[in-house]
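Numbering starts at 1 and runs along the sequence shown.
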Amino acid sequence: MHPHLVRSFLMRHRTHLFPLAALLSCPTVARSFSPLPGSVIRPLAPHTTTITTASDSDTCQESTATSTYLKMSNTEAEEEDPYLWLEEVESEESLNFAKDANDKCLTELGDPTGGPTYDRILAVLESKDRIPFATKFGIDENGNEILVNYWRDAKNPKGIWRKTTFDDYKKAEPNWTTLLDVDKLAEKDGISWVWKGSRPLPRSRDPLSNGGKRITRALLNLSRGGSDAVVVKEFDFLAGDFVPESEQPFYLPEAKSRASYKSRDVLLVGTDFGKDSLTDSGYPRTVREWVRGTKLEDSPIVFEGEKTDVSVSAYCDDQRARNNGPIYEVRARAITFYTTKRWARMIQGEHLLAPDDPARKNAPEPPEFTEVLVQEDASIDFVGNFMMIELRSDWQPIADGKKYIKGSILYVEAKTFLEQGPTACEYKVLFEPSERTASEYYSVTKNYLIHIILDNVKPKVEFFKIGENELVRVGNGDMDPQIMDISMGPIDAYEDDRVWLTTSSYLQPSTLSLADASLVEDSSRDCAADGPNALIIEKIKSLPDQYDSSNLDILQGSATSKDGTSIPYFLVKAKDTKLDGKNPTLLYGYGGFEISLGPHYAATAGIAWLERGGVYVEANIRGGGEFGAKWHQAALKENRNKSYEDFIAVSEDLIASGYCQPSTLGIRGGSNGGLLVGNMYTMRPDLFGAIHCAVPLLDMKRYNLLLAGAS
């Protein structure tokens with residue numbers, strides 16, 4: 001998946017409302033948060049609090065912490081931690097501790113099961129009313145477009161990997177053909193397999209793809225019990241089964257592996273080869289080129305990083321379908337979570353083959369790799385003959401030349417950059433951010449680049465036609481930003497310009513439509529007024545309303561943080577909400593990893609909270625990605641307090657605006673957001689009536705020693 005789409009995917013598929021829904025179904029919490037007249041959120045005790053967490057299995061965990069302990073001096077903090085034994089998360093002692101904490105949680109809050117709110121939420125979570133988002137896997141022998149989907153439900157708890165035709169997919173009940181039943185595989189192998197995704201053999205690099213029309217094979221990642229380590233097995237898509245031993249399949253034993261096809265019989269592999277083959281973060285340190293039929297351990301190392309790197313990787317990006325672009329081969333060292341060194345070269349199709357392949361005999365030697373001399377915190381991508389550069393810090397590639405600001409997206413002629421360096425290039429600007437705009441992501445069809453921009457955290461879309469020498473802005477007017485979620489991704493990025501268009505909002509469930517990017521140049525379509533809906537060919541699927549939102553409004557507010565920065569937030573409330581300070585209000589925040597919070601359908605919160613008169617708020621605090629890299633970087637390291645001050649400012653603004661008072665204001669955050677609300681308890685316990693600290697990472701002195709903490 002394209003890195004920009006990954007970021008958007010993470011934003012759209014947040015699951016923080018599931019454990020929240022379970023918590024709000026607990027009888028005591030339901031009473032405490034009930035919008036009935038005279039009820040309020042239970043206040044925090046002045047010196048101790050119960051911090052409740054919820055895991056994916058919906059078990060509540062409880063730990064106690066005192067403000068005295070958390071505010072201890074540095075000298076006291078350096079004393080031995082009496083709870084170090086809990087770092088052995090799967091030890092008998094730790095599991096017993098969790099069980100006891102669960103029991104205390106349920107005793108205090110009540111059992112959430114059996115109540116009407118719980119039953120409704122469970123019905124939503126188990127509902128078959130989900131859109132089966134699919135990926136095109138070429139066409140079959142009859143010319144039918146094939147779509148593939150991974151699906152889990154009550155009948156298939158581990159899931160099935162399945163396919164259908166595009167025409168059938170449009171039906172309310174498509175006729176699916178199962179490719180792999182993970183439940184049956186787990187039973188057959190006696191292993192609790194968990195699906196971790198597939199990576200198909202690119203059609204353009206497969207001589208058996210019927211002229212680049214069909215997918216024939218794929219690498220499947222399967223995990224034992226859901227761990228980060230995976231087993232990689234090769235699957236024959238045409239036969240509907242794993243590649244038999246007689247055909248020398250690619251297979252990687254359990255490890256934190258990375259593998260991708262270079263060609264049908266060549267794999268780029270990073271895995272655990274024993275001593276010194278992994279980084280300190282536990283990821284591959286080397287890349288090998290493995291030819292089918294040879295031993296994995298004998299495959300040559302073609303690239304390696306340092307042990308202190310987070311990881312290394314290598315891949316090929318075939319752009320021959322876009323204006324006869326080249327094939328790019330890229331190698332990368334992730335120095336830190338946000339910095340990467342890269343090397344690249346342009347190669348021919350023959351260079352994808354094994355060195356001794358007869359088809360490579362008369363091909364010239366490939367060029368040497370060239371270091372991609374962009375800033376280490378920048379990201380790169382290739383579109384046809386262009387190299388895209390997204391900046392996370394200001395950059396002046398040419399002395400005395402223009403300085404491009406962080407958050408900008410530039411593009412250059414890739415050949416010139418790789419052969420002559422950054423000073424020889426003409427830089428063109430695809431996007432330059434303002435104080436209140438940021439690039440969210442872009443996706444690419446055969447002929448168009450589709451750019452999603454956040455304008456004051458509301459998305460709008462721009463289109464560029466991919467030309468020989470530049471990316472040309474097209475369309476008949478700017479699309480107004482809207483309080484909704486918009487996702488646009490290609491159906492077949494190398495064949496045509498059709499896109500999947502998915503839209504939703506806090507009040508409207510997801511709708512999946514078939515759209516065509518080329519229609520942006522149709523003067524009869526009013527894109528300025530209708531937005532991306534003007535490009536729709538037909539609506540494919542939509543979800544039913546899961547709760548009554550007819551009496552709800554969505555607003556966007558703004559608070560002023562301690563340093564004067566304006567902090568936006570989204571607020572969902574009943575139309576007749578009185579500003580009397582008595583409304584039960586739930587404020588959610590995250591503020592990390594450049595992840596943006598934005599409009600998304602909140603079915604469980606709608607049932608458990610909004611229908612009952614509550615006010616729901618999401619704060620767009622610094623540390624997130626709402627305004628690009630600068631917004632994220634503004635709350636790092638010594639400035640981390642900015643994120644917390646932003647959250648406090650939003651809380652105070654809600655109180656000052658009359659929505660709530662401290663006794664009716666509850667807050668929630670999970671993971672990085674758990675650290676956020678943990679700080680709220682120690683910094684401003686007077687400001688909140690309840691704190692839900694979910695799956696938090698709170699130990700800032702030892703987190704780097706835990707699990708994958710080194711990364």
Side-chain angles (χ1 to χ4, degrees), residues 14-45 48-65 86 89-90 92-128 152-154 157 226 546-548 584-588 602-614 616 663-671 673-674 677-678 681 688-696:
R14 296 187 302 280
T15 58
H16 60 268
L17 290 177
F18 174 30
L20 163 66
L23 180 70
L24 295 181
S25 300
C26 294
T28 305
V29 178
R31 289 195 299 272
S32 301
F33 281 70
S34 170
L36 295 174
S39 64
V40 297
I41 298 173
R42 290 179 298 158
L44 294 172
T48 185
T49 184
T50 296
I51 300 179
T52 304
T53 69
S55 69
D56 290 341
S57 59
D58 193 29
T59 57
C60 293
Q61 301 178 9
E62 173 180 273
S63 63
T64 60
L86 283 172
V89 293
E90 295 185 357
E92 183 177 354
E93 292 82 1
S94 293
L95 294 175
N96 287 336
F97 176 87
K99 181 180 182 301
D100 291 342
N102 293 340
D103 293 340
K104 291 177 183 178
C105 174
L106 293 176
T107 299
E108 173 69 18
L109 300 178
D111 189 342
T113 60
T117 300
Y118 180 91
D119 290 341
R120 284 185 64 194
I121 292 169
L122 185 62
V124 167
L125 296 174
E126 292 184 341
S127 173
K128 293 183 179 180
R152 293 174 61 195
D153 55 24
Q546 300 288 1
Y547 69 98
D548 183 5
T585 302
L586 181 63
L587 171 61
Y588 176 82
T604 53
I607 293 169
W609 194 251
L610 293 168
E611 268 191 354
R612 299 163 66 193
Y616 180 69
S663 62
T664 65
L665 175 59
I667 59 173
R668 184 183 188 276
S671 187
V677 299
Y681 170 69
F688 311 106
I691 295 176
H692 180 203
C693 184
V695 290

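Here the straight-line distance linking atom OG of S127 with atom CD1 of I121 works out to 14.0 Å at 0.5 Å rounding. Here OG1 of T585 is found 12.5 Å from OH of Y616. Values are rounded to the nearest 0.5 Å. Taken to the nearest 0.5 Å, the CG atom of L610 stands 9.5 Å off from the OG1 atom of T604.
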Criterion side-chain contact (heavy atoms from CB on, under 4.5 Å) on C693 and V677, from CA distance to verdict: CA-CA 6 Å; C693 184; V677 299; 3.8 Å; yes

From CA spacing to verdict: side-chain contact (heavy atoms from CB on, under 4.5 Å), Y681, F688: CA-CA 8 Å; Y681 170 69; F688 311 106; over 6 Å; no

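With sequence neighbours excluded, no residue satisfies side-chain hydrogen bond (donor to acceptor under 3.5 Å, both in side chains) with Q546. Partners of L95 according to the side-chain contact (heavy atoms from CB on, under 4.5 Å) rule, which considers only residues two or more places apart in sequence or in another chain, do not exist here. With sequence neighbours excluded, the residues forming a side-chain contact (heavy atoms from CB on, under 4.5 Å) with E93 are W85, S91, listed by chain and number. Among residues two or more places apart in sequence or in another chain, the side-chain contact (heavy atoms from CB on, under 4.5 Å) test is passed with D153 by R130, W151, K155, N156.
Using a cut-off of 4.0 Å between Lys/Arg side-chain N and Asp/Glu carboxylate O, D100 and K104 are scored as not salt-bridged.
Panel note: side chain S94, backbone E90; no donor-acceptor pair is recorded below 3.5 Å.
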